[in-house]
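Fair warning: this is a prediction, and the values are worked out from it, not measured in the lab.
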Amino acid sequence: FPRFSLEENLKAVSAVGIGHVQFDMLCAVGKTLPGDVSAGTVNAILGALKANGISIAALSGTYNMIDPDPVRREAGAGGLDRLIEL
């Protein structure tokens, strides 16, 4: 459901009767593993999901866990840790 905004994405998902999603922060903030997300942003995302009758069944936290570059691998692990904290 590639759309230009979170709201457009959620409306498209809801329109076909999907009520549970694997949510990717990419559709809300532009990155699967965002560096910094405010509580207000998280609350806005949750509100938009609720308004469209959609719940999060899983959260996407994909990164290359076997990246040969330890710096990129650590950055991915750190991003996943931040996402889990959210």
Side-chain angles (χ1 to χ4, degrees):
F1 296 93
R3 301 293 191 272
F4 293 107
S5 72
L6 174 62
E7 188 61 34
E8 289 177 21
N9 260 314
L10 297 178
K11 285 181 188 232
V13 169
S14 182
V16 296
I18 297 172
H20 310 283
V21 296
Q22 176 176 326
F23 190 78
D24 192 327
M25 292 292 284
L26 178 70
C27 70
V29 298
K31 289 185 175 182
T32 296
L33 301 174
D36 191 23
V37 177
S38 70
T41 298
V42 172
N43 288 333
I45 293 167
L46 294 174
L49 285 158
K50 185 176 181 179
N52 285 282
I54 300 170
S55 66
I56 297 175
L59 187 59
S60 181
T62 303
Y63 73 97
N64 187 355
M65 293 179 182
I66 61 168
D67 193 316
D69 181 330
V71 173
R72 286 193 305 247
R73 196 171 53 242
E74 271 302 310
L80 180 58
D81 287 345
R82 285 188 302 279
L83 187 61
I84 291 168
E85 288 175 13
L86 287 174

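- In this structure the side chain of Ile54 never reaches within 4.5 angstrom of the side chain of Ile18, judged on heavy atoms.
- To the nearest 0.5 Å, the span separating CG on Leu49 from CG on Leu6 amounts to 6.5 Å.
- Linking ILVMFWY residues whenever their side-chain heavy atoms come closer than 4.5 Å, directly or via other members, leaves Phe4 and Val21 in distinct clusters.
- Hydrophobic cluster membership differs between Leu80 and Val71, with clusters built from Ile, Leu, Val, Met, Phe, Trp and Tyr side chains linked at under 4.5 angstrom.
- Shown here is Asp36, whose CG atom has no more than 12 heavy atoms of other residues, nucleotides or ligands within 6.0 Å.
- Note that the OG atom of Ser60 and the CG atom of Leu83 stand 8.0 Å from one another [nearest 0.5 Å].
- Under the 4.5 Å side-chain contact rule for hydrophobic residues, Leu59 and Met65 share a cluster.
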Only pairs under 3.5 Å count here: list side-chain donor-acceptor contacts from residues 23-34, not counting sequence neighbours, and write none if there are none.
residue	atom	partner	partner atom	Å
Asp24	OD1	Leu26	N	2.9
Asp24	OD1	Thr32	OG1	2.8
Asp24	OD2	Thr32	OG1	3.1

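- In this structure, the side chains of Glu7 and Asn52 come closer than 4.5 Å at one or more pairs of heavy atoms.
- Residues in residues 72-86 take part in these side-chain hydrogen bond (donor to acceptor under 3.5 Å, both in side chains) pairs, two or more places apart or across chains: Asp67-Arg72.
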